[in-house]
Amino acid sequence: MTDIPILPPENIMVLQARAQAVAGLSLGQLAGELGVDVPADQRKKKGWVGQLLELALGADARNQSLPDFTRLGIELKTLPINAQGKPRETTFVCTIPLLTIQYQQWENSQVWNKLRHVLWVPVEACPSIPLAERRLGKAILWCPNAQQAAILQQDWLEITGMIAMGELELLSGKWGQYLQVRPKGLNGRCLCWGYNQAGDKVQTLPRGFYLRTSLTKQILQLQT
DNA sequence: AAGTGATCATAA
DNA sequence: TTATGATCACTT
């Protein structure tokens with residue numbers, strides 16, 4: 001999945017039309033249309049569904065720190081759905097630059113820039129359904145409403161404040177109403193630099209921001 | 001069953 | 001080593 005046979009969408013209408021065209025397809029059907037193999041074991045291909053959708057919809061950001069649809073400023077996220085139609089998992093947003101995030105403002109932060117425009121694509125994700133048979137849902141183009149944005153900002157300020165104060169030991173997945181901090185690395189031996197409370201550089205786990213399902217559940221309900 | 005921590009693949 | 005894409009799996 002390295003080529004980009006589908007050109008980037010010129011506008012939102014084109015993007016939405018493409019998303020609508022794949023809604024209802026199974027992952028196996030879509031992969032077949034794109035000439036992509038369906039992995040036998042998702043444990044070794046955790047990002048496969050997301051990458052399949054990037055290909056199908058014409059995302060052009062690759063692994064740059066830009067919205068997936070660079071021209072439209074829209075981020076693409078797949079949303080794994082359980083049998084009850086609710087999100088199965090939190091949603092990864094971005095890794096946290098522990099040494100420099102204290103110099104970001106919310107308004108120009110990576111989190112806000114990623115979340116201000118998101119195209120959510122629900123995907124069946126029950127382990128009981130074979131990967132190729134899981135179906136794609138109707139995409140939702142979402143912008144945070146005032147209340148959602150306010151809570152995200154509050155979470156971000158709280159967490160960023162802790163990082164700035166060097167409170168890495170206190171930092172855990174328990175903080176934040178919508179925004180959550182969790183490890184984000186290859187494994188538990190993967191380390192990066194941060195500050196401790198004395199202001200010294202210390203090695204610590206890389207962390208990322210994630211969205212709790214309490215928020216994505218709301219987003220999902222917008223369509224029904 | 002949720003919630004939180006741990007982990008896997010790939011490209012540049 | 002950084003970024004991208006997430007799901008796995010253990011604990012509570």
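Below, chain A is the first sequence line, B the second, and so on; all start at residue 1.
- Distance A:Leu191 CG to B:dA6 P: 12 Å, rounded to the nearest Å.
- Sorted by first and then second residue, the side-chain hydrogen bond (donor to acceptor under 3.5 Å, both in side chains) pairs involving residues 113-135 of chain A (not counting sequence neighbours) are A:Gln42-A:Arg134, A:Glu124-A:Arg135.
- In this view, A:Gln177 and A:Ile151, A:Asp155 satisfy the side-chain contact (heavy atoms from CB on, under 4.5 Å) rule, not counting sequence neighbours.
- To the nearest angstrom, P of B:dG3 lies 14 Å from CG of A:Leu215.
- At a threshold of 4.0 angstrom between heavy atoms, the contacts of A:Arg189 are confined to the sugar-phosphate backbone, with no base atom among them.
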Residues 89-100 of chain A side chain polar contacts: donor-acceptor under 3.5 Å, at least two apart:
{"unit_1": "A:Thr90", "atom_1": "OG1", "unit_2": "A:Arg182", "atom_2": "NH1", "d": "2.9"}
{"unit_1": "A:Thr90", "atom_1": "OG1", "unit_2": "A:Arg182", "atom_2": "NH2", "d": "3.3"}

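- Side-chain contact between A:Leu27 and A:Leu136: present, with at least one pair of heavy atoms (C-beta onward) separated by less than 4.5 Å.
- Under the rule for a side-chain contact (heavy atoms from CB on, under 4.5 Å), the partners of A:Pro9 that lie at least two apart in sequence or sit in another chain are A:Val14, A:Leu15, A:Arg18, A:Phe69, A:Leu72.
- Apart from A:Tyr103 itself, the hydrophobic cluster it occupies contains nothing, where clustering links Ile, Leu, Val, Met, Phe, Trp and Tyr at side-chain heavy-atom distances under 4.5 Å.
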Quick tally for nucleotides 4-12 of chain C: nucleotides whose base has a protein heavy atom under 4.0 Å get B, sugar-phosphate-only ones S, the rest -, giving BBBBBS---
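- Taking OG from A:Ser109 and CD1 from A:Ile101, the interatomic distance works out to 7.0 Å, rounded to the nearest 0.5 Å.
- One atom, CG of A:Leu98, and another, P of C:dT1, lie 15 Å apart when rounded to the nearest Å.
- The side-chain hydrogen bond (donor to acceptor under 3.5 Å, both in side chains) contacts involving residues 194-207 of chain A comprise A:Thr204-A:Arg207, where partners must be two or more places apart or lie in separate chains.
- Scored by the side-chain contact (heavy atoms from CB on, under 4.5 Å) test, A:Gln64 finds A:Leu66 as partners (sequence neighbours excluded).
- Scanning residues 165-180 of chain A for heavy-atom distances under 4.0 Å to DNA chain B yields A:Ser172, A:Gly173, A:Lys174, A:Gln180.
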Identify every side-chain donor-acceptor pair in residues 156-175 of chain A under 3.5 Å, counting partners at least two apart or on other chains, and give the distances.
{"unit_1": "A:Thr160", "atom_1": "OG1", "unit_2": "A:Trp156", "atom_2": "O", "d": "2.8"}
{"unit_1": "A:Ser172", "atom_1": "OG", "unit_2": "A:Lys174", "atom_2": "N", "d": "3.2"}
{"unit_1": "A:Trp175", "atom_1": "NE1", "unit_2": "A:Leu170", "atom_2": "O", "d": "2.9"}

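- Comparing the start and finish of the helix from B:dA1-C:dT12 to B:dA12-C:dT1, five pairs each, the helix axis swings through 30°, to the nearest 10 degrees.
- Positionally, the nearest nucleotide of DNA chain B for A:Arg212 lies more toward the 5' end than for the other of A:Arg212 and A:Gly188.
- Cluster partners of A:Ile129: none. The rule joins Ile, Leu, Val, Met, Phe, Trp and Tyr whenever side-chain heavy atoms lie under 4.5 Å apart, and it links nothing here.
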